[in-house]
Amino acid sequence: MLDRILTVRVDRITRLTPEVSSFELVHPAGRSLPAYEAGAHIDVHLPGGFMRTYSLARAPQPAVQGVAGTAAGTSGPARYCIGVKREPASRGGSAALHERVRAGDLLAIGSPRNTFPLQAGARHHLLMAGGIGLTPLLAMAQQLARDGAAFTLCVLARSRALLPFADELAALGDAVRLHLDDPAEPEKLDLRVLLAAPAPGPGTHLYLCGPAGFMQAALAAAAHWPEDAVHLEYFAPPEGDAAQGEDQPFVLRLARRGIEVPVAADASAVDALHDLGIDVPTSCAQGVCGTCVVPWTAGEPEHRDHCLSATERRHKLALCCSRAKTAVLEVDL
Ligand code: FES
């Protein structure tokens, strides 16, 4: 099924740090927006033909008539908030938002999707954010605080001046721990010490989001954690992720349609499906966002995504990047 495209109005832009601004998006006619869960993201279509994915940076407000932040008499939230860092090496996405988008502009967005959900059975949630990776984790922390759940939010930033959403973090109180690179700041965290044991014991789940270097360091420190207890949200595929050796062709069997689609060695499953006019929604095309994830039912996939957990991979795969270890791979399409 194709994602729904919505038109929203940029209601407010707030400079949070010299590099990061928040953009608050509302329905142009004041109606509610589709509901979402903490950890969700949206695709944003930008001036210049760019499309980028941004996490929703606030926990969804419960819809109560007449309460600020909700649309009166409706069931969904009244606004989405994204936090966008102006990347010096921007390929156009963050630069387009920062330089060309103004309050009052209309933007097309996709409806929220969540590939980074909170784990309902966890006894403690350890949320670790590097830089602007804070955005989904802030929403998750707000949700956990609202639910009265046990959590710690660790935030790594270069300095206090470059810490976005400082007011929201302060509102979370002692559950937030900061690490500021600035030597003048006393707040320091040691990832290796923090992740040395899955404290405070079994049932702790770890959530990581941040730039490649942060993810690499945190994953190395958490290498001994149970695979199913570690949840990742990447901005982009990790460096050195290029596939080794030559890809092999395979056949994608579409169980519901009863047809087989050959996938050439130099094409993706999504390419092969699109060539036949079979629409599979995609966004990042890099195995990061989860837009193209479908259930698989037979054969054996060679997973190359960075959005599915070990548990999810047992029955789902990302069609934009994953291939097959078997000659035939069956998916539920
Ligand atoms: S399109 Fe983003 S994971 Fe496939």
Side-chain angles (χ1 to χ4, degrees), residues 1-6 34 36-37 39-46 49-56 82 84 87 91-94 108-117 132-133 135-136 207-212 215 219 230-243 247 250 252 254 261 263-297 299-325 329-333:
M1 189 171 72
L2 283 173
D3 266 8
R4 207 171 133 203
I5 299 291
L6 315 161
Y36 67 96
E37 294 171 352
H41 59 260
I42 54 171
D43 291 335
V44 180
H45 300 260
L46 296 165
F50 301 104
M51 201 268 288
R52 294 289 182 268
T53 299
Y54 296 103
S55 296
L56 296 173
I82 57 174
V84 181
E87 297 290 350
R91 290 177 291 140
S94 67
I109 65 168
S111 33
R113 292 187 308 271
N114 196 1
T115 55
F116 196 38
I132 194 63
T135 49
Y207 307 78
L208 302 173
C209 185
M215 296 295 272
L219 276 174
V230 180
H231 312 279
L232 313 174
E233 179 95 321
Y234 280 95
F235 301 155
E239 281 171 30
D241 189 47
D247 288 333
F250 63 98
L252 193 69
L254 309 188
V261 179
V263 180
D266 60 353
S268 71
V270 163
D271 293 336
L273 292 169
H274 284 180
D275 283 350
L276 289 182
I278 298 172
D279 245 322
V280 176
T282 60
S283 175
C284 70
Q286 295 180 302
V288 170
C289 70
T291 308
C292 67
V293 168
V294 297
W296 64 273
T297 43
E300 190 181 355
E302 183 185 318
H303 294 285
R304 293 187 183 174
D305 66 274
H306 305 284
C307 57
L308 295 174
S309 67
T311 307
E312 289 170 327
R313 282 180 167 192
R314 286 179 207 137
H315 54 97
K316 293 180 183 176
L317 88 162
L319 282 173
C320 68
C321 56
S322 297
R323 305 196 65 82
K325 290 182 183 169
L329 179 64
E330 184 179 275
V331 291
D332 186 24
L333 278 178

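Remember, it's 1-based here, ligands and their atoms both numbered in the order they're listed.
- For atom 4 (Fe) of ligand 1, the set of nearby N, O or S atoms under 2.8 Å includes one belonging to Cys320.
- Side chain of Trp296 to backbone of Arg313: a donor-acceptor contact under 3.5 angstrom is found.
- At a heavy-atom cutoff of 4.0 Å, ligand 1 is contacted by the backbone of Ser283 but not by its side chain.
- Once rounded to the nearest 0.5 Å, the distance linking OG of Ser283 with CE of Met51 reads 3.0 Å.
- The Gly287 neighbourhood of ligand 1 comprises atoms 3 (S), with distances under 4.0 Å to a heavy atom of that residue.
- Contact between Asp305 and ligand 1 is absent, with no heavy atom of the residue lying under 4.0 Å from the ligand.
- Between Leu333 atom CG and Glu330 atom CD the span is 10.5 Å, to the nearest 0.5 Å.
- There is a side-chain donor-acceptor pair under 3.5 Å between Thr291 and Arg113.
- Of the residues His41, His306, His231, the one that meets the side-chain contact (heavy atoms from CB on, under 4.5 Å) test with Thr115 is His41.
- Among the atoms of Cys292, an N, O or S atom falls under 2.8 Å of atom 4 (Fe) of ligand 1.
- With a heavy-atom cut-off of 4.0 Å, Ala285 touches ligand 1 through its backbone alone.
- Residue contacts with ligand 1 for Leu319 are absent, since no atom lies close enough (heavy atoms, distance under 4.0 Å).
- For ligand 1, the atoms sitting less than 4.0 Å from at least one non-hydrogen atom of Val288 are 3 (S), numbered in the order shown with element in parentheses.
- Residue-ligand proximity, Gly290 to ligand 1, at heavy-atom distances under 4.0 Å covers atoms 2 (Fe), 3 (S).
- Close approach to Cys289 involves these atoms of ligand 1, each under 4.0 Å from a residue heavy atom: 1 (S), 2 (Fe), 3 (S).
- No donor-acceptor pair closer than 3.5 Å links the side chain of His303 to the backbone N or O of Ser322.
- Residues Asp305 and Lys316 are not paired through a salt bridge, judged by the lack of any N-O separation under 4.0 Å between the basic side chain and the carboxylate.
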